[in-house]
Amino acid sequence: MHRTFAIAMLGLTATLVQAEVAVIVNPSAANTPSQAEVANIFLGKDKSLSGVDQKDWNPTKDKFYTSVANKNESQLKSYWSGLIFTGKGQPLPSVGDDTAVLAKVAAEADAIGYVDSSVVTDQVKVLFTLP
């Protein structure tokens, strides 16, 4: 019984510490896309802003893609494989982590990215957050 309670508490704690994901743009960006438009940017269908992706699959990337584009890791890999194979697209440029995304979005006027909301600074503008 104690073990079951401990496992339940660990699950609750893990849920409580999950941070929000912030979708960010450069403050000078003229375009402020909707959530559907953000999905199209990160799926390579909309070139109005330069999407900055995170290199490795992590909790932030997982929450972003499952919430915005309705794709998990294997679905996203399959999606890009199909586009690459047919010559219809290439994945977005990617950088190492939240800090690198934040720096790139802050430095490029037409950049858009996603980060754990805890790293957001006044160098970027938050479009929306994903709980």
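Sequential numbering from 1 along the given sequence is applied to the chain's residues. The model shown is predicted, which means the values in this text are computed figures rather than measured ones. Because only heavy atoms are used, hydrogens play no part in the values below, and waters and symmetry mates are left out as well, while side chains stay in.
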Practice task
Output the distance between atom CG (Asp56) and atom CG (Asn58), rounded to the nearest 0.5 Å.
Solution key: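 Asp56 atom CG to Asn58 atom CG measures 7.5 Å (nearest 0.5 Å).
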Problem - Nearest-0.5 Å distance that lies between atom OG in Ser117 and atom CD in Glu20 - result: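 CD of Glu20 is found 5.0 Å from OG of Ser117.
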Looking at every non-hydrogen atom in both residues, tell me the closest pair between [X] and [Y] and how far apart they are.
{"X": "Ser48", "Y": "Ile41", "answer": "OG-CD1, 4.0 Å"}
{"X": "Asn70", "Y": "Gln75", "answer": "O-OE1, 3.7 Å"}
{"X": "Val23", "Y": "Phe64", "answer": "CG2-CE1, 3.9 Å"}

Exercise for the section: Could you state whether Trp57 and Phe42 fall into the same hydrophobic cluster, counting links through intermediate Ile, Leu, Val, Met, Phe, Trp or Tyr residues with side-chain heavy atoms under 4.5 angstrom apart? Expected result: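 Yes, same cluster.
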Practice task
Spell out, yes or no, whether Trp80 and Val38 are grouped together once hydrophobic residues are joined by side-chain heavy atoms under 4.5 Å, including indirect joins.
Solution key: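 They do share one cluster, since a chain of ILVMFWY contacts under 4.5 Å joins Trp80 to Val38.
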Problem - Main-chain N/O of Lys63 paired to Ser67 side chain as donor or acceptor, under 3.5 Å - result: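 Side chain of Ser67 to backbone of Lys63, a donor-acceptor pair under 3.5 Å: yes, one is there.
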Problem - Flag, side chain of Tyr65 to backbone of Leu76, donor-acceptor distance under 3.5 Å - result: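 Not at all, since once roles are kept as given, no pair shorter than 3.5 Å links the two residues.
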Throw together a table of side-chain donor-acceptor distances under 3.5 angstrom for residues 101-114, partners on residues two or more places apart or in other chains.
from	atom 1	to	atom 2	distance (Å)
Lys104	NZ	Glu108	OE2	2.9
Asp110	OD2	Ser50	OG	3.0
Tyr114	OH	Asp53	OD1	2.3
Tyr114	OH	Gln54	N	3.1

Problem - Heavy-atom side-chain proximity of Gln90 to Leu83 below 4.5 angstrom - result: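 Sidechains of Leu83 and Gln90: no contact.
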Problem - Side-chain heavy-atom pair Glu73, Asp62 within 4.5 angstrom cut-off - result: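 No - every pair of side-chain heavy atoms lies 4.5 Å or more apart.
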Practice task
Using the side-chain contact (heavy atoms from CB on, under 4.5 Å) rule, take Leu43 and Lys71 through it: C-alpha gap first, then chi angles, then the decisive distance, then the call.
Solution key: CA-CA 10 Å; Leu43 294 175; Lys71 295 199 182 302; 4.1 Å; yes
Donor-acceptor pairs are to be reported for all side-chain atoms of residues 118-131 against protein atoms at under 3.5 Å, with residues two or more places apart or in another chain.
from	atom 1	to	atom 2	distance (Å)
Ser118	OG	Asp116	OD1	2.7
Thr121	OG1	Gln123	N	3.2

